[in-house]
Every structure is written in C-alpha cells, then in structure tokens.
Amino acid sequence: ALAVRALAEAGRLLEGRYLEAAQRALEAGNRAGYREAAALLQEALPLDPGRVRAWAGEVLRRYPRRRALREEFRPFGPEA
C-alpha cells in the first residue's frame with residue numbers, strides 16, 4: 001500500500017511540478033527556455049524515466065524544425 005501511494009505521489013509530482021514547468025519554459029521559444037525545460041526533465045528522470053522520455057519525444061515531434069530544442073533534449077534518448 002505504501003509503495004502504491006509513493007508511486008501515485010511521484011506521478012503527481014512529475015505532472016504538477018516538472019512537466020508543467022517544462023512546458024512553461026518551452027513557451028519562451030528560445031534556447032534559454034529549452035535549456036531550462038531540459039534541466040527540469042533531468043530532475044524528473046528518476047521519478048519516471050519512460051514517461052519523461054516519451055514527453056520529450058512528443059515535444060520534439062511537435063516542433064521538428066527547432067534545432068536548439070533538439071540539441072538541448074539530446075540527453076533524453078534517440079526518440080527525444
């Protein structure tokens with residue numbers, strides 16, 4: 001029961017703290033914002049690596065022509 005609650009809390013933290021903040025940073029539309037988003041995702045990686053990598057990959061598919069974004073998100077894997 002404790003492990004289930006811990007996983008649920010990690011999911012809420014990931015969604016509420018990290019992914020929303022990363023999305024706001026991306027909205028700046030510049031390298032500094034992309035770098036901030038990548039730093040937030042790096043902090044979130046231990047919570048749920050698969051979900052973080054999937055989110056990063058989704059962002060890159062949404063903005064395929066943003067080279068600076070691709071460069072900053074490189075640590076999140078080949079699909080990201």
Side-chain angles (χ1 to χ4, degrees):
L2 185 58
V4 172
R5 282 197 311 238
L7 285 174
E9 182 59 29
R12 281 193 295 277
L13 182 63
L14 178 65
E15 191 68 39
R17 159 78 167 92
Y18 292 104
L19 297 184
E20 287 178 14
Q23 183 61 47
R24 284 192 302 274
L26 287 174
E27 290 170 2
N30 57 36
R31 185 175 292 272
Y34 303 154
R35 187 170 292 133
E36 181 181 345
L40 287 161
L41 294 180
Q42 195 66 43
E43 288 180 33
L45 208 54
L47 294 173
D48 189 342
R51 191 164 167 203
V52 169
R53 286 189 173 97
W55 190 86
E58 179 184 317
V59 168
L60 288 171
R61 283 187 293 280
R62 210 174 327 148
Y63 305 109
R65 302 183 115 198
R66 296 184 181 182
R67 189 182 80 196
L69 179 61
R70 283 195 318 269
E71 291 171 359
E72 296 298 332
F73 276 36
R74 188 172 294 134
F76 302 107
E79 73 281 352

| request: Measure across Ala22 and Ala37 and return the closest heavy-atom pair with its distance rounded to 0.1 Å. | output: O-CB, 3.6 Å

| task | Mind listing the closest non-hydrogen atom pair of Ala28 and Gly33 along with its distance? | result | CB-CA, 4.2 Å

| query | Roughly how far, to the nearest 0.5 Å, is the CZ atom of Arg70 from the OH atom of Tyr34? | reply | 11.0 Å

| request: Hey, could you give me the CZ/CG distance between Arg65 and Leu60, rounded to the nearest 0.5 Å? | output: 15.0 Å

| note | Closest non-hydrogen atoms of Leu41 and Val52, given as atom of the first, atom of the second and distance, are O-CG1, 3.7 Å

| request: Inspect the surroundings of CZ in Arg62 and state if more than 12 heavy atoms from other residues, nucleotides or ligands are less than 6.0 Å away. | output: yes

| request: For the residue pair Gln23 and Trp55, establish whether any side-chain heavy-atom pair is separated by less than 4.5 Å. | output: yes

| said: On a heavy-atom basis, which atom in Ala38 and which in Glu72 lie closest, and how many Å separate them? | reply: CB-O, 3.5 Å

| query | Taking all atoms of both residues into account, what is the closest heavy-atom pair of Phe73 and Leu26, and its distance? | reply | CZ-CD2, 4.1 Å

| said: Nearest 0.5 angstrom please: Arg66 CZ to Glu71 CD, how far? | reply: 14.0 Å

